[in-house]
Every structure is written in C-alpha cells, then in structure tokens.
Undergrad: 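My questions all concern the structure below.
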2 protein chains.
Amino acid sequence: MGIKERKERQKTEMRESILDASLKLFTEEGYENVTMRKIADKIEYSVGTLYLYFKDKGEIFFELHSRGFAEFYNKQLSIQHIKDPIERLKAHGEAYIRFAMEFPEYYDLMFISRVPAKEIEKFEHWEEGERTYEILKLNIRQAMEAGYFKGVDLEVAAFSLWSFVHGIASLSIRGRLKMIPEQYLQFLISGALQFISKLY
Amino acid sequence: MGIKERKERQKTEMRESILDASLKLFTEEGYENVTMRKIADKIEYSVGTLYLYFKDKGEIFFELHSRGFAEFYNKQLSIQHIKDPIERLKAHGEAYIRFAMEFPEYYDLMFISRVPAKEIEKFEHWEEGERTYEILKLNIRQAMEAGYFKGVDLEVAAFSLWSFVHGIASLSIRGRLKMIPEQYLQFLISGALQFISKLY
DNA sequence: ATTATTAAATAAACAACGTTTAGTATTTAA
DNA sequence: TTAAATACTAAACGTTGTTTATTTAATAAT
C-alpha cells in the first residue's frame with residue numbers, strides 16, 4: 001500500500017516546486033511583479049493548480065517567510081561561537097545586513113511591509129522575531145559584563161543597534177539609496193558598522 | 001478678461017482637491033490599497049477626470065511626496081539657528097524623529113513606501129532629498145571643525161546618523177514596535193538619541 | 001475487465017485594478 | 001445663434017488574483 005505514501009510525496013514535491021519557482025521569481029522581480037500566471041508558467045501547470053496547493057498568493061509568501069526566518073535565525077546563531085563579545089557583536093551586525101541584502105524580499109515582509117489588519121495578531125506573539133532579539137540582547141549583555149557599554153541601559157542599547165541596522169537595510173531595500181553607486185554603498189555600510197562600533 | 005485666471009484657479013483647486021483626498025486615503029489605507037476609483041469617489045468625479053489632472057497614479061504619489069519634503073525641509077531649517085554644532089546636531093535628530101511621528105503619512109511616502117517602478121528614475125536626481133541631506137552634512141562638518149568626530153569620514157557619519165534615525169522612525173511607523181508600551185517607547189527613543197550622541 | 005469513485009488539472013469566467021477611448025455636456029468666442 | 005474649445009463621463013481594454021464548472025487521469029469496487 002505505497003500509493004498513499006507516493007501521493008503524499010508527490011504533493012510535497014509539487015509544493016516544493018511551486019515554492020522554488022516563486023522564490024526565484026520573487027527575488028528576481030519582486031513580490032508584486034510576480035503574477036500567479038508567471039509562477040504557473042514556470043512550473044508548466046495551469047494557474048488553478050496553484051490554488052490546490054496554496055490558499056492564495058499570500059500563503060506562498062508566508063511559507064517562504066517562515067523559511068526566511070529560519071534562515072535568519074541560523075545566520076545569527078552561526079556567529080555565536082565567536083568568543084570575544086565585541087567581535088561577536090560586530091559579526092552580528094554584519095550578519096544582519098547580509099541577510100537583508102541576500103533576501104530582500106524576506107526582509108521586507110519581516111520588517112518593512114505593512115501588516116494587513118487581519119494578520120496583525122501574528123506579530124503580537126511574534127516568537128520568531130523575539131527569539132532573534134534575545135540573541136542581540138544576550139550579546140550586548142555579555143559585552144557589558146566584559147566592561148563595555150558603560151552606563152548604558154541594555155534595552156536602550158539593543159533598541160539603538162537594531163534601529164541602526166534596520167535603518168540601513170530598509171533604506172537600501174526600499175530604493176532610497178539608489179543614487180549611490182553600488183561599490184560606494186558597500187564602503188558606506190562597512191564604514192557605518194565600524195563607526196557605530198565606537199559606541200561599544 | 002479674468003476668465004483665464006479663473007480657469008487656472010479652478011484647475012489648481014481641482015488638483016488640490018485630488019491631492020487632499022489622495023493623501024487622506026493613502027494615510028488611512030496605504031498607497032497600494034487606494035484605487036483611482038476610490039479617489040474619484042471621494043471627490044465625487046469620474047475616474048477619467050483624475051487623468052486630466054495627473055498623468056497616472058504615480059504622479060499623484062510623487063506630488064504628495066514633494067510636498068512632504070518641503071515641510072520636512074522647513075523643519076530642518078528651523079533648528080539651524082542653534083550656535084553650538086553639537087546641540088544643533090542633537091536638535092537635528094530630534095527634529096527628524098518628531099517630523100516622522102507628527103506626519104507619519106508623509107514620512108511613509110518619502111522614505112518607506114515602495115516607489116512605483118515608473119518613478120524610480122526620479123530618485124536618481126533627487127534634489128529635494130539631497131538638499132536636506134546637505135543640511136545634515138553641513139552640521140556634521142561644523143561639528144568636525146569644532147573638534148568632534150575625530151578620524152571619521154564625513155559621508156560615513158552622515159549615512160550612519162541618517163540610517164539610525166530612519167531605523168527608529170520606520171520601525172515605529174510600520175508597527176514593528178507595537179509590543180512596546182507607548183511611554184516606554186518614548187524613553188527608548190530619547191535614550192537612543194542620547195546613546196548615539198556619544199559618537200560625536 | 002468493466003464500471004464507479006475519487007483525485008488532479010485545466011479552461012474559462014469573475015471581480016477589481018490602472019488606464020484609454022470615444023463621446024457627451026458645458027462653457028467660451030465669434 | 002452658432003462654432004470651437006474645454007471639462008467631464010461612461011464604457012471599454014488589458015491584467016491582476018481568485019473561483020467555477022468541467023475534463024482528464026488514477027484508483028477502487030464490482
């Protein structure tokens with residue numbers, strides 16, 4: 001009786017195939033420039049088929065979003081082995097920006113897009129988000145214990161550093177730095193990260 | 001022969017009326033959720049009429065965007081009388097945040113909203129934006145001449161400070177700080193501004 | 001093997017969008 | 001009073017996300 005198993009396998013394969021195609025299209029052309037028809041074309045099925053596997057376009061995005069957060073979380077964990085708390089904090093900032101640049105569509109959904117009124121409660125108990133914020137606070141606390149951030153409130157420091165990297169990421173993703181040549185922008189960003197690290 | 005004058009007056013009144021209605025709708029529902037039909041409904045004219053006064057939806061957006069910038073520019077000028085460059089720089093940051101909080105709809109249009117693809121090249125020679133950015137750089141330069149920001153690149157400093165205040169503003173406006181009680185958020189923001197001022 | 005049942009996929013349609021067109025009022029000039 | 005110009009609108013176009021009715025294919029039952 002392997003039929004059921006095979007069917008299930010085929011179903012998840014189909015879902016994967018849709019998500020694959022969607023992610024490629026989203027990153028190439030941006031969420032709103034990707035139509036359901038384009039996705040269907042890419043996987044060589046009809047449009048209606050997409051709706052057998054996903055409730056709507058938003059669900060495709062949200063599934064990718066969850067995967068994005070997993071990726072984000074891992075990226076943050078991957079620098080936790082660094083011993084020196086200051087070096088770790090620097091790497092943390094870099095990892096944050098790198099994620100935003102590599103997966104702008106994910107980043108946009110996670111931190112920039114308007115949250116539809118209906119989905120707002122998903123952000124109220126936003127486990128995935130808070131989990132990563134806790135890593136930041138942990139890193140700052142350990143830097144404090146090592147003698148840095150003298151006389152600074154932990155919450156203020158965390159909020160400030162988050163705002164800072166988010167500022168860079170969101171200005172870039174939403175096209176407000178378009179006038180800056182790519183290479184010079186790279187210089188500015190790494191310069192800014194170095195600049196802010198004087199606060200430590 | 002006041003006919004021509006009257007017609008011109010009526011034409012600008014109509015434009016104003018369209019812009020008024022659009023700004024209200026954009027603020028309430030966000031650019032992409034506002035349809036040309038909704039705007040037309042609000043001013044009680046047909047959809048086609050909108051296209052007699054504006055080339056397309058993006059042009060309405062851009063006109064509002066420009067006005068937001070005028071308001072913004074004035075707010076920045078209003079603190080230029082402060083003599084001490086450091087005090088002026090602090091006031092600059094505060095004025096920036098205050099503008100964002102007082103006119104979130106304009107701030108959103110100016111720095112957060114997705115720019116309609118067609119209008120993107122307008123950001124390449126973005127006079128209004130650069131004019132305000134020049135004020136920031138001027139203030140930093142004068143602080144440098146007064147002995148602050150030792151060994152820091154001017155462009156890097158300007159970019160960093162902008163990213164920082166934009167980070168705060170955009171996280172707040174796009175609801176990513178909803179979990180923080182209003183009063184505590186005020187504490188965090190002023191704390192963050194104080195924190196960053198250690199860089200001077 | 002044939003038939004009935006279920007599942008998978010599609011073609012066609014729907015409503016809503018930004019935009020354009022062709023035509024109707026209204027105002028101005030002759 | 002008529003002709004020309006202007007202001008406006010109704011209806012349509014092409015695309016969008018989504019739903020439907022229908023067909024095709026695979027499985028189960030007889």
Side-chain angles (χ1 to χ4, degrees), chain A residues 1-19 21-23 25-26 28-65 105 109 113-114 116-119, chain B residues 1-19 21-22 25-26 28-65 109 113-120:
Chain A
M1 270 304 158
I3 290 175
K4 207 166 185 181
E5 283 77 0
R6 198 207 66 223
K7 287 219 160 179
E8 228 161 85
R9 206 170 53 242
Q10 285 177 334
K11 192 135 190 157
T12 68
E13 271 167 21
M14 189 63 162
R15 272 182 71 96
E16 287 306 310
S17 156
I18 293 172
L19 288 170
S22 302
L23 180 57
L25 290 171
F26 287 162
E28 281 164 20
E29 318 185 21
Y31 180 74
E32 25 230 16
N33 297 322
V34 174
T35 70
M36 295 299 269
R37 286 165 181 82
K38 279 187 192 171
I39 300 173
D41 262 24
K42 188 138 194 161
I43 61 169
E44 295 180 304
Y45 278 81
S46 74
V47 203
T49 302
L50 299 176
Y51 289 87
L52 300 174
Y53 294 87
F54 294 92
K55 193 176 113 282
D56 53 26
K57 195 184 175 190
E59 192 173 281
I60 296 178
F61 207 128
F62 215 81
E63 178 56 37
L64 291 172
H65 160 273
E105 288 296 330
L109 185 76
S113 2
R114 261 206 188 76
K118 281 187 178 181
E119 316 253 346
Chain B
M1 269 300 162
I3 291 176
K4 208 167 184 181
E5 284 77 359
R6 197 207 66 220
K7 287 219 160 182
E8 229 161 85
R9 206 168 55 241
Q10 285 177 334
K11 193 135 192 157
T12 68
E13 270 168 21
M14 189 63 160
R15 272 182 71 96
E16 288 306 311
S17 154
I18 293 171
L19 289 170
S22 301
L25 290 171
F26 287 162
E28 286 162 15
E29 318 187 20
Y31 179 77
E32 26 234 15
N33 298 322
V34 174
T35 71
M36 294 301 269
R37 285 165 182 84
K38 278 185 193 172
I39 299 172
D41 261 23
K42 188 138 193 160
I43 61 167
E44 298 180 301
Y45 279 81
S46 74
V47 203
T49 302
L50 299 178
Y51 289 88
L52 301 174
Y53 295 87
F54 295 92
K55 195 176 112 282
D56 53 25
K57 195 184 174 189
E59 193 172 283
I60 297 178
F61 171 93
F62 216 83
E63 179 57 35
L64 289 172
H65 172 273
L109 283 177
S113 282
R114 269 210 177 72
V115 182
K118 285 177 188 170
E119 313 279 330
I120 251 181

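Letters A, B, ... mirror the listed sequences (proteins, then strands); counts begin at 1.
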Undergrad: Partners of Y31(A) by side-chain contact (heavy atoms from CB on, under 4.5 Å), sequence neighbours excluded?
TA: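 F26(A), K57(A), F61(A), E105(A).
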Undergrad: Between R37(B) and K7(B), which is nearer to the 5' end of DNA chain D once each is assigned its nearest nucleotide?
TA: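 The residue mapped nearer the 5' terminus is K7(B).
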Undergrad: Just how far, in rounded Å, is C1' of dT22(D) from OH of Y51(A)?
TA: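 Spelled out: OH on Y51(A) to C1' on dT22(D) is 19 Å.
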Undergrad: Just checking E44(B): does its CD atom have more than 12 heavy atoms from other residues, nucleotides or ligands closer to it than 6.0 angstrom?
TA: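 At most 12 heavy atoms, drawn from other residues, nucleotides or ligands, come within 6.0 Å of this atom.
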Undergrad: Can you tell me how far P of dT6(D) sits from CE of M14(B), to the nearest Å?
TA: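 Checked: the CE to P distance equals 17 Å.
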Undergrad: Do the side-chain N or O atoms of Y53(B) get closer than 4.0 angstrom to the phosphate oxygens (OP1, OP2) of dC8(D)?
TA: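 For Y53(B), the contact criterion (side-chain N or O under 4.0 Å from OP1 or OP2 of dC8(D)) is met.
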Undergrad: NA contact type, F54(B), heavy-atom cut-off 4.0 Å: base, sugar-phosphate, or nothing?
TA: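 The answer is nothing, as F54(B) stays clear of every strand by at least 4.0 Å.
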Undergrad: For the helix from dA1(C)-dT30(D) to dA30(C)-dT1(D), measure the angle between the helix axis at one end and the axis at the other, each built from five pairs, rounding to 10°.
TA: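 Overall, the helix from dA1(C)-dT30(D) to dA30(C)-dT1(D) bends by 30° from one end axis to the other.
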Undergrad: Between C1' on dT10(C) and CG on L50(A), what's the gap in Å once rounded to a whole number?
TA: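 Spelled out: CG on L50(A) to C1' on dT10(C) is 12 Å.
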Undergrad: Side-chain N or O of R6(B) less than 4.0 angstrom from OP1 or OP2 on dT27(C)?
TA: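 Looking at the OP1 and OP2 atoms of dT27(C), neither is under 4.0 Å from any side-chain N or O of R6(B).
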Undergrad: Decide side chain to side chain contact (heavy atoms under 4.5 Å, CB included) for I18(A) and Y45(A); before the verdict, give the C-alpha distance in whole Å, the side-chain angles of both, and the deciding distance to 0.1 Å.
TA: CA-CA 10 Å; I18(A) 293 172; Y45(A) 278 81; over 6 Å; no
Undergrad: How far apart are the C-alpha atoms of T49(A) and S46(A), what are their side-chain angles, what is the distance that settles it, and do they pass the side chain to side chain contact (heavy atoms under 4.5 Å, CB included) test?
TA: CA-CA 6 Å; T49(A) 302; S46(A) 74; 3.2 Å; yes
Undergrad: Specify the separation, in whole Å, of atom CD of Q10(B) and atom P of dT26(C).
TA: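 Going from Q10(B) (CD) to dT26(C) (P), I get 15 Å.
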Undergrad: Rounded to whole angstrom units, what separation is found between the CD1 atom of I18(B) and the C1' atom of dA7(D)?
TA: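 So the CD1-C1' distance, I18(B) to dA7(D), works out to 12 Å.
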Undergrad: How close do L50(B) and M36(B) get, heavy atom to heavy atom, and via which atoms?
TA: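 Heavy-atom minimum between the residues: CD1-O, 3.2 Å.
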Undergrad: Output yes when at least one side-chain N/O atom of T49(A) is less than 4.0 Å from OP1 or OP2 of dA9(C), else no.
TA: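 For dA9(C), OP1/OP2 do not have a side-chain N/O of T49(A) under 4.0 Å.
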Undergrad: What verdict does the side chain to side chain contact (heavy atoms under 4.5 Å, CB included) test give for E59(B) and D56(B), after you've listed the backbone C-alpha separation in whole Å, the side-chain angles of each residue and the deciding distance to 0.1 Å?
TA: CA-CA 5 Å; E59(B) 193 172 283; D56(B) 53 25; 3.7 Å; yes
Undergrad: Quick one: side-chain hydrogen bond (donor to acceptor under 3.5 Å, both in side chains) partners of E32(A), sequence neighbours excluded?
TA: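 By the side-chain hydrogen bond (donor to acceptor under 3.5 Å, both in side chains) rule, E32(A) matches R114(B).
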Undergrad: Which whole-number value in Å describes the distance from M36(A) CE to dC14(C) C1'?
TA: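 After rounding, the gap between these two atoms is 16 Å.
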Undergrad: Expressed as a whole number of angstroms, how long is the span from L52(A):CG to dT10(C):P?
TA: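 Nearest whole value for this atom pair: 9 Å.
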Undergrad: Rounded to the Å, how far apart are Y45(B) OH and dT19(C) P?
TA: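 In whole Å, dT19(C) P lies 21 Å from Y45(B) OH.
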